[in-house]
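Just so it is clear, the structure is predicted and the values come from calculations on it, not from any experiment. So you know, we letter chains A, B, ... as the sequences are listed, proteins then strands, and number each from 1.
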2 protein chains.
Amino acid sequence: MSPRPKIGLDLFTILDTAGEIADQQGVQEVTLAQLAKRLGIRPPSLYNHFDGLPGLRRKLAIHGLDRLYKGMSEATIRVSGTDAVLAMSHAYVSFAREHPGIYEATLLAPDPEDEDVQQAGARIVDLTVRVLQAFHLEGDRALHAVRGLRSILHGFAVLEQKGGFRMSLDLDESLTFVIRAFLTGIGDNP
Amino acid sequence: MSPRPKIGLDLFTILDTAGEIADQQGVQEVTLAQLAKRLGIRPPSLYNHFDGLPGLRRKLAIHGLDRLYKGMSEATIRVSGTDAVLAMSHAYVSFAREHPGIYEATLLAPDPEDEDVQQAGARIVDLTVRVLQAFHLEGDRALHAVRGLRSILHGFAVLEQKGGFRMSLDLDESLTFVIRAFLTGIGDNP
DNA sequence: TTTTAAAACTAATATTGTTAGTTTTATTTT
DNA sequence: AAAATAAAACTAACAATATTAGTTTTAAAA
(Lines give C-alpha, C1' and ligand atoms only; values in the text may rest on other atoms or scores of the structure.)
Protein backbone atom coordinates (compact mmCIF):
# COMPACT_ATOMS: atom_id res chain seq x y z
CA MET A 1 0.00 0.00 0.00
CA SER A 2 2.52 2.59 1.09
CA PRO A 3 5.60 1.85 -1.01
CA ARG A 4 8.83 2.31 0.89
CA PRO A 5 11.87 4.14 -0.42
CA LYS A 6 14.39 2.40 -2.62
CA ILE A 7 17.73 1.28 -1.24
CA GLY A 8 19.32 4.63 -1.77
CA LEU A 9 19.23 7.60 0.50
CA ASP A 10 16.86 8.26 3.32
CA LEU A 11 15.98 11.67 4.59
CA PHE A 12 17.90 11.26 7.81
CA THR A 13 21.18 10.67 5.99
CA ILE A 14 20.54 13.65 3.77
CA LEU A 15 19.76 16.01 6.63
CA ASP A 16 22.74 14.74 8.56
CA THR A 17 25.01 15.44 5.63
CA ALA A 18 23.46 18.86 5.15
CA GLY A 19 24.08 19.53 8.84
CA GLU A 20 27.72 18.53 8.44
CA ILE A 21 28.15 20.99 5.60
CA ALA A 22 26.46 23.70 7.64
CA ASP A 23 28.68 23.13 10.67
CA GLN A 24 31.91 22.70 8.77
CA GLN A 25 31.59 25.23 5.96
CA GLY A 26 28.81 27.54 7.06
CA VAL A 27 25.12 27.43 6.40
CA GLN A 28 25.48 29.43 3.18
CA GLU A 29 27.46 26.57 1.70
CA VAL A 30 24.52 24.21 2.04
CA THR A 31 23.66 24.21 -1.65
CA LEU A 32 22.04 21.50 -3.65
CA ALA A 33 25.24 21.18 -5.66
CA GLN A 34 27.45 20.71 -2.58
CA LEU A 35 24.99 18.39 -0.91
CA ALA A 36 24.62 16.24 -4.02
CA LYS A 37 28.38 16.03 -4.40
CA ARG A 38 28.82 14.76 -0.83
CA LEU A 39 26.04 12.24 -1.30
CA GLY A 40 27.41 11.03 -4.62
CA ILE A 41 24.33 11.89 -6.64
CA ARG A 42 23.30 14.60 -9.10
CA PRO A 43 21.54 17.72 -7.87
CA PRO A 44 18.19 17.08 -9.56
CA SER A 45 17.91 13.74 -7.74
CA LEU A 46 17.49 15.64 -4.50
CA TYR A 47 14.07 16.81 -5.64
CA ASN A 48 12.84 13.29 -4.94
CA HIS A 49 13.45 13.90 -1.25
CA PHE A 50 12.38 17.49 -0.66
CA ASP A 51 10.99 20.45 -2.52
CA GLY A 52 14.09 22.29 -3.70
CA LEU A 53 16.33 24.49 -1.62
CA PRO A 54 13.45 26.05 0.34
CA GLY A 55 12.24 22.57 1.20
CA LEU A 56 15.69 21.56 2.41
CA ARG A 57 15.97 24.67 4.56
CA ARG A 58 12.58 23.97 6.05
CA LYS A 59 13.46 20.39 6.96
CA LEU A 60 16.87 21.40 8.24
CA ALA A 61 15.29 23.99 10.53
CA ILE A 62 12.93 21.41 12.00
CA HIS A 63 15.73 18.88 12.35
CA GLY A 64 17.85 21.47 14.16
CA LEU A 65 15.06 22.54 16.49
CA ASP A 66 14.45 18.92 17.42
CA ARG A 67 18.10 18.38 18.26
CA LEU A 68 18.29 21.62 20.21
CA TYR A 69 15.21 20.66 22.18
CA LYS A 70 16.71 17.28 22.96
CA GLY A 71 19.83 18.87 24.43
CA MET A 72 17.88 21.39 26.48
CA SER A 73 15.43 18.81 27.69
CA GLU A 74 18.07 16.34 28.87
CA ALA A 75 19.85 19.10 30.76
CA THR A 76 16.82 19.84 32.89
CA ILE A 77 16.10 16.39 34.28
CA ARG A 78 16.58 16.04 38.00
CA VAL A 79 17.18 19.77 38.52
CA SER A 80 14.79 22.55 39.39
CA GLY A 81 14.51 26.24 40.10
CA THR A 82 17.49 28.43 39.26
CA ASP A 83 19.66 25.38 38.65
CA ALA A 84 17.29 24.13 35.99
CA VAL A 85 17.30 27.44 34.16
CA LEU A 86 21.07 27.59 34.31
CA ALA A 87 21.46 24.02 33.08
CA MET A 88 19.05 24.59 30.24
CA SER A 89 20.77 27.82 29.27
CA HIS A 90 24.21 26.29 29.14
CA ALA A 91 22.86 23.38 27.12
CA TYR A 92 21.41 25.91 24.69
CA VAL A 93 24.63 27.78 24.03
CA SER A 94 26.61 24.53 24.01
CA PHE A 95 24.49 23.28 21.17
CA ALA A 96 25.03 26.51 19.28
CA ARG A 97 28.78 26.17 19.83
CA GLU A 98 28.99 22.57 18.73
CA HIS A 99 26.64 22.98 15.81
CA PRO A 100 26.93 26.57 14.62
CA GLY A 101 25.56 25.82 11.18
CA ILE A 102 22.64 23.72 12.34
CA TYR A 103 21.80 26.32 14.95
CA GLU A 104 21.81 29.06 12.37
CA ALA A 105 19.63 26.98 10.09
CA THR A 106 17.12 26.87 12.92
CA LEU A 107 15.99 30.40 12.08
CA LEU A 108 16.50 30.12 8.33
CA ALA A 109 13.22 28.46 7.39
CA PRO A 110 11.68 30.09 4.31
CA ASP A 111 8.36 30.47 6.12
CA PRO A 112 8.58 30.74 9.90
CA GLU A 113 4.78 30.43 10.03
CA ASP A 114 4.98 26.89 8.64
CA GLU A 115 3.07 24.54 10.91
CA ASP A 116 5.79 21.94 11.39
CA VAL A 117 8.41 24.60 12.04
CA GLN A 118 6.11 26.26 14.55
CA GLN A 119 5.51 22.96 16.29
CA ALA A 120 9.21 22.20 16.60
CA GLY A 121 9.75 25.65 18.07
CA ALA A 122 6.76 25.35 20.38
CA ARG A 123 8.33 22.43 22.21
CA ILE A 124 11.26 24.65 23.14
CA VAL A 125 8.95 27.44 24.23
CA ASP A 126 6.96 24.99 26.33
CA LEU A 127 10.08 23.72 28.01
CA THR A 128 11.06 27.29 28.79
CA VAL A 129 7.63 27.95 30.25
CA ARG A 130 7.88 24.86 32.40
CA VAL A 131 11.30 25.68 33.74
CA LEU A 132 10.18 29.17 34.70
CA GLN A 133 7.08 28.00 36.51
CA ALA A 134 9.06 27.59 39.71
CA PHE A 135 9.26 31.38 39.87
CA HIS A 136 5.50 31.78 40.31
CA LEU A 137 5.00 34.63 37.89
CA GLU A 138 1.45 35.84 37.55
CA GLY A 139 -0.46 36.67 34.39
CA ASP A 140 1.43 38.48 31.66
CA ARG A 141 4.61 38.52 33.70
CA ALA A 142 5.11 34.83 32.99
CA LEU A 143 4.90 35.44 29.25
CA HIS A 144 7.21 38.44 29.41
CA ALA A 145 9.72 36.33 31.29
CA VAL A 146 9.65 33.58 28.69
CA ARG A 147 10.33 36.11 25.98
CA GLY A 148 13.16 37.50 28.04
CA LEU A 149 14.85 34.19 28.63
CA ARG A 150 14.60 33.21 25.00
CA SER A 151 15.98 36.59 23.95
CA ILE A 152 18.96 36.21 26.23
CA LEU A 153 19.73 32.72 24.99
CA HIS A 154 19.42 33.48 21.31
CA GLY A 155 21.21 36.81 21.55
CA PHE A 156 24.04 35.34 23.55
CA ALA A 157 24.46 32.38 21.20
CA VAL A 158 24.54 34.56 18.09
CA LEU A 159 26.83 37.24 19.46
CA GLU A 160 29.24 34.60 20.70
CA GLN A 161 29.14 32.84 17.35
CA LYS A 162 29.53 35.96 15.23
CA GLY A 163 32.47 37.19 17.25
CA GLY A 164 30.47 39.89 18.96
CA PHE A 165 32.16 39.31 22.32
CA ARG A 166 35.74 40.46 21.98
CA MET A 167 36.79 40.79 25.62
CA SER A 168 38.91 38.02 27.05
CA LEU A 169 36.35 37.13 29.65
CA ASP A 170 35.00 33.66 30.22
CA LEU A 171 31.85 33.15 28.20
CA ASP A 172 30.21 30.62 30.50
CA GLU A 173 30.70 32.92 33.46
CA SER A 174 29.03 35.69 31.52
CA LEU A 175 26.06 33.50 30.73
CA THR A 176 25.71 32.42 34.35
CA PHE A 177 25.88 36.04 35.50
CA VAL A 178 23.30 37.20 32.99
CA ILE A 179 20.82 34.41 33.74
CA ARG A 180 21.21 34.87 37.49
CA ALA A 181 20.68 38.61 37.20
CA PHE A 182 17.57 38.12 35.11
CA LEU A 183 16.11 35.54 37.51
CA THR A 184 16.91 37.71 40.49
CA GLY A 185 15.15 40.62 38.85
CA ILE A 186 12.10 38.51 38.18
CA GLY A 187 11.78 37.92 41.89
CA ASP A 188 10.43 35.07 44.04
CA ASN A 189 13.54 32.99 43.51
CA PRO A 190 13.62 29.34 44.53
CA MET B 1 44.99 65.64 -6.82
CA SER B 2 42.20 63.48 -5.54
CA PRO B 3 39.91 63.05 -8.51
CA ARG B 4 36.28 63.05 -7.50
CA PRO B 5 33.65 60.62 -8.75
CA LYS B 6 31.99 61.20 -12.06
CA ILE B 7 28.47 62.51 -12.27
CA GLY B 8 27.01 59.08 -11.75
CA LEU B 9 26.54 57.27 -8.54
CA ASP B 10 28.12 57.88 -5.21
CA LEU B 11 28.49 55.28 -2.54
CA PHE B 12 25.82 56.79 -0.33
CA THR B 13 23.16 56.43 -3.02
CA ILE B 14 24.22 52.87 -3.68
CA LEU B 15 24.11 51.83 -0.04
CA ASP B 16 20.80 53.57 0.42
CA THR B 17 19.35 51.67 -2.50
CA ALA B 18 20.80 48.44 -1.21
CA GLY B 19 19.21 49.20 2.15
CA GLU B 20 15.86 49.75 0.49
CA ILE B 21 16.06 46.37 -1.19
CA ALA B 22 17.04 44.76 2.09
CA ASP B 23 14.14 46.31 4.00
CA GLN B 24 11.53 45.79 1.31
CA GLN B 25 12.44 42.39 -0.12
CA GLY B 26 14.74 40.86 2.46
CA VAL B 27 18.48 40.90 2.76
CA GLN B 28 18.87 37.82 0.59
CA GLU B 29 17.47 39.78 -2.33
CA VAL B 30 20.32 42.25 -2.17
CA THR B 31 22.10 40.88 -5.22
CA LEU B 32 24.32 42.71 -7.63
CA ALA B 33 21.76 42.05 -10.36
CA GLN B 34 18.86 43.53 -8.37
CA LEU B 35 20.91 46.46 -7.16
CA ALA B 36 22.17 47.26 -10.63
CA LYS B 37 18.65 47.10 -12.02
CA ARG B 38 17.36 49.60 -9.46
CA LEU B 39 20.27 51.91 -10.12
CA GLY B 40 19.86 51.68 -13.87
CA ILE B 41 23.32 50.31 -14.55
CA ARG B 42 24.82 46.94 -15.44
CA PRO B 43 26.06 44.63 -12.69
CA PRO B 44 29.77 44.78 -13.57
CA SER B 45 29.70 48.55 -13.16
CA LEU B 46 29.20 48.07 -9.46
CA TYR B 47 32.74 46.77 -9.16
CA ASN B 48 33.90 50.35 -9.55
CA HIS B 49 32.33 51.15 -6.19
CA PHE B 50 33.05 48.11 -4.02
CA ASP B 51 34.73 44.75 -4.19
CA GLY B 52 31.98 42.43 -5.34
CA LEU B 53 29.17 41.09 -3.22
CA PRO B 54 31.35 40.55 -0.15
CA GLY B 55 32.47 44.16 -0.41
CA LEU B 56 28.89 45.34 -0.62
CA ARG B 57 27.90 43.29 2.41
CA ARG B 58 30.82 44.70 4.34
CA LYS B 59 29.90 48.29 3.55
CA LEU B 60 26.23 47.65 4.19
CA ALA B 61 27.05 46.22 7.62
CA ILE B 62 29.08 49.30 8.54
CA HIS B 63 26.41 51.61 7.17
CA GLY B 64 23.77 49.80 9.20
CA LEU B 65 25.80 49.85 12.41
CA ASP B 66 26.33 53.59 12.01
CA ARG B 67 22.64 54.21 11.61
CA LEU B 68 21.79 51.95 14.54
CA TYR B 69 24.31 53.76 16.71
CA LYS B 70 22.81 57.10 15.72
CA GLY B 71 19.35 56.02 16.82
CA MET B 72 20.57 54.59 20.11
CA SER B 73 22.75 57.57 20.82
CA GLU B 74 20.03 60.14 20.23
CA ALA B 75 17.69 58.24 22.51
CA THR B 76 20.02 58.53 25.47
CA ILE B 77 20.52 62.29 25.56
CA ARG B 78 19.12 64.01 28.59
CA VAL B 79 18.22 60.74 30.33
CA SER B 80 20.16 58.64 32.78
CA GLY B 81 20.03 55.52 34.91
CA THR B 82 17.28 53.02 34.24
CA ASP B 83 15.51 55.48 31.96
CA ALA B 84 18.54 55.74 29.74
CA VAL B 85 18.83 51.98 29.39
CA LEU B 86 15.15 51.70 28.61
CA ALA B 87 15.27 54.49 26.05
CA MET B 88 18.31 53.00 24.38
CA SER B 89 16.74 49.57 24.30
CA HIS B 90 13.53 50.74 22.71
CA ALA B 91 15.50 52.72 20.15
CA TYR B 92 17.40 49.53 19.35
CA VAL B 93 14.37 47.38 18.65
CA SER B 94 12.63 50.25 16.87
CA PHE B 95 15.48 50.45 14.43
CA ALA B 96 15.28 46.71 13.84
CA ARG B 97 11.53 47.05 13.23
CA GLU B 98 11.79 49.94 10.81
CA HIS B 99 14.81 48.54 9.00
CA PRO B 100 14.65 44.77 9.25
CA GLY B 101 16.90 44.22 6.26
CA ILE B 102 19.51 46.75 7.24
CA TYR B 103 19.51 45.41 10.78
CA GLU B 104 20.04 41.88 9.54
CA ALA B 105 22.85 43.06 7.27
CA THR B 106 24.53 44.38 10.38
CA LEU B 107 25.66 40.87 11.27
CA LEU B 108 26.18 39.67 7.73
CA ALA B 109 29.66 41.03 7.09
CA PRO B 110 31.86 38.41 5.38
CA ASP B 111 34.59 38.96 7.97
CA PRO B 112 33.38 40.13 11.38
CA GLU B 113 37.01 40.69 12.34
CA ASP B 114 37.35 43.40 9.72
CA GLU B 115 38.71 46.53 11.32
CA ASP B 116 36.09 48.96 10.05
CA VAL B 117 33.28 46.62 10.96
CA GLN B 118 34.75 46.18 14.43
CA GLN B 119 35.05 49.91 14.87
CA ALA B 120 31.44 50.52 13.89
CA GLY B 121 30.36 47.87 16.38
CA ALA B 122 32.65 49.19 19.08
CA ARG B 123 30.82 52.51 19.19
CA ILE B 124 27.64 50.65 20.10
CA VAL B 125 29.44 48.62 22.74
CA ASP B 126 30.96 51.79 24.18
CA LEU B 127 27.57 53.44 24.37
CA THR B 128 26.25 50.40 26.19
CA VAL B 129 29.14 50.52 28.61
CA ARG B 130 28.50 54.19 29.29
CA VAL B 131 24.81 53.76 29.89
CA LEU B 132 25.46 50.97 32.36
CA GLN B 133 28.05 52.92 34.33
CA ALA B 134 25.33 54.40 36.49
CA PHE B 135 24.91 50.97 38.04
CA HIS B 136 28.39 50.95 39.56
CA LEU B 137 29.35 47.43 38.64
CA GLU B 138 32.81 46.36 39.71
CA GLY B 139 35.42 44.48 37.71
CA ASP B 140 34.21 41.67 35.51
CA ARG B 141 30.61 42.25 36.50
CA ALA B 142 30.51 45.36 34.34
CA LEU B 143 31.65 43.36 31.30
CA HIS B 144 29.22 40.55 32.00
CA ALA B 145 26.42 43.08 32.21
CA VAL B 146 27.29 44.63 28.87
CA ARG B 147 27.22 41.21 27.26
CA GLY B 148 23.88 40.58 28.89
CA LEU B 149 22.27 43.77 27.71
CA ARG B 150 23.50 43.29 24.16
CA SER B 151 22.27 39.70 24.17
CA ILE B 152 18.82 40.77 25.28
CA LEU B 153 18.59 43.48 22.65
CA HIS B 154 19.79 41.37 19.76
CA GLY B 155 17.84 38.31 20.78
CA PHE B 156 14.67 40.28 21.28
CA ALA B 157 15.03 42.07 17.95
CA VAL B 158 15.64 38.87 16.00
CA LEU B 159 12.92 36.80 17.65
CA GLU B 160 10.41 39.58 17.12
CA GLN B 161 11.48 39.92 13.50
CA LYS B 162 11.47 36.21 12.72
CA GLY B 163 8.05 35.69 14.22
CA GLY B 164 9.42 33.97 17.30
CA PHE B 165 6.95 35.72 19.60
CA ARG B 166 3.52 34.34 18.83
CA MET B 167 1.55 35.38 21.90
CA SER B 168 -0.71 38.38 21.54
CA LEU B 169 1.12 40.32 24.17
CA ASP B 170 2.45 43.80 23.70
CA LEU B 171 6.04 43.66 22.54
CA ASP B 172 7.16 46.95 24.02
CA GLU B 173 5.80 45.95 27.40
CA SER B 174 7.78 42.73 27.18
CA LEU B 175 10.96 44.62 26.41
CA THR B 176 10.42 47.01 29.29
CA PHE B 177 9.75 44.11 31.65
CA VAL B 178 12.83 42.22 30.55
CA ILE B 179 15.17 45.20 30.77
CA ARG B 180 13.81 46.20 34.17
CA ALA B 181 14.20 42.66 35.48
CA PHE B 182 17.78 42.48 34.25
CA LEU B 183 18.68 45.85 35.76
CA THR B 184 17.03 44.95 39.04
CA GLY B 185 19.01 41.73 39.15
CA ILE B 186 22.23 43.59 38.53
CA GLY B 187 21.60 45.57 41.68
CA ASP B 188 22.53 49.08 42.84
CA ASN B 189 19.75 50.64 40.79
CA PRO B 190 19.60 54.36 40.29
C1' DT C 1 6.15 -12.93 -12.96
C1' DT C 2 4.13 -8.64 -13.73
C1' DT C 3 3.26 -4.12 -12.15
C1' DT C 4 4.23 -0.02 -9.89
C1' DA C 5 6.34 3.88 -8.14
C1' DA C 6 10.33 5.71 -5.94
C1' DA C 7 14.76 7.37 -7.05
C1' DA C 8 18.14 7.98 -9.78
C1' DC C 9 19.62 9.97 -14.36
C1' DT C 10 20.48 13.38 -18.77
C1' DA C 11 19.56 17.60 -21.03
C1' DA C 12 18.39 22.22 -21.03
C1' DT C 13 17.36 26.91 -19.14
C1' DA C 14 17.42 31.13 -16.19
C1' DT C 15 19.82 33.74 -12.69
C1' DT C 16 23.68 35.26 -10.45
C1' DG C 17 28.56 36.62 -9.55
C1' DT C 18 32.72 37.53 -11.63
C1' DT C 19 36.72 38.67 -14.82
C1' DA C 20 38.77 40.89 -18.84
C1' DG C 21 39.06 44.29 -21.77
C1' DT C 22 36.94 48.54 -23.96
C1' DT C 23 34.68 52.99 -24.24
C1' DT C 24 32.90 57.11 -22.47
C1' DT C 25 33.28 61.41 -20.03
C1' DA C 26 33.89 64.58 -16.18
C1' DT C 27 37.65 66.55 -14.07
C1' DT C 28 42.15 68.02 -13.82
C1' DT C 29 46.33 69.71 -15.79
C1' DT C 30 49.04 72.02 -19.16
C1' DA D 1 41.22 75.95 -24.99
C1' DA D 2 43.44 71.65 -25.56
C1' DA D 3 45.41 67.56 -23.74
C1' DA D 4 45.81 64.11 -20.21
C1' DT D 5 43.94 61.45 -16.61
C1' DA D 6 41.20 58.35 -14.21
C1' DA D 7 36.68 57.21 -12.59
C1' DA D 8 32.75 54.89 -14.16
C1' DA D 9 30.21 53.08 -17.25
C1' DC D 10 29.93 49.40 -20.93
C1' DT D 11 30.07 44.53 -23.75
C1' DA D 12 31.36 39.83 -23.91
C1' DA D 13 32.23 35.65 -21.84
C1' DC D 14 32.41 32.15 -18.17
C1' DA D 15 31.44 29.42 -13.95
C1' DA D 16 28.25 28.02 -10.44
C1' DT D 17 23.80 27.49 -8.94
C1' DA D 18 18.72 26.19 -8.82
C1' DT D 19 15.27 24.38 -11.34
C1' DT D 20 12.17 21.95 -14.87
C1' DA D 21 11.07 18.27 -18.11
C1' DG D 22 11.37 13.99 -19.52
C1' DT D 23 13.75 9.28 -19.25
C1' DT D 24 15.69 5.17 -17.21
C1' DT D 25 16.62 2.11 -13.58
C1' DT D 26 15.28 -0.87 -9.87
C1' DA D 27 13.45 -2.29 -5.54
C1' DA D 28 9.21 -3.45 -3.62
C1' DA D 29 4.26 -4.76 -4.13
C1' DA D 30 0.67 -7.34 -6.36
Of all of residues 57-64 of chain B, which get a heavy atom below 4.0 angstrom from DNA chain C, listed by number?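 Residues of residues 57-64 of chain B that come under 4.0 Å of DNA chain C do not exist, since none gets that close.
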Could you check which residues of residues 35-51 of chain A get a heavy atom under 4.0 Å from DNA chain C? Sort them by number, please.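 Correct list: A/I41, A/R42, A/P44, A/S45, A/N48, A/H49.
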Rounding to a whole Å, what distance do you find between [X]:[atom1] and [N]:[atom2]?
X     : N      : atom1 : atom2 : result
A/L53 : C/dT15 : CG    : P     : 17 Å
A/L32 : D/dT17 : CG    : C1'   : 8 Å
A/I14 : C/dA8  : CD1   : C1'   : 12 Å

Between A/Y92 and A/F156, does the ring centroid distance fall short of 6.0 Å? no
Under 3.5 Å donor-acceptor, A/R150 side chain and B/G164 backbone: yes
Between A/D23 and A/I102, is there a donor-acceptor pair closer than 3.5 Å when you use the side chain of the first and the backbone of the second? yes
What class does the angle between the rings of B/Y103 and B/F95 fall in, given that below 30° is parallel, 30 to 60° is tilted and above 60° is perpendicular? perpendicular
Hey, is CD on B/E138 packed in by over 12 heavy atoms from elsewhere, all under 6.0 Å?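 Counting other residues, nucleotides and ligands, CD of B/E138 stays at 12 neighbours or fewer.
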Considering only NZ, NE, NH1 and NH2 on the basic side and carboxylate oxygens on the acidic side, decide whether A/D114 and A/R58 come within less than 4.0 Å.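 Answer for the salt bridge query: yes.
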Cationic N near anionic O, under 4.0 Å, B/R166 to A/E113: yes
With a 4.5 Å heavy-atom cut-off, do B/I14 and B/L35 have their side chains touching? yes
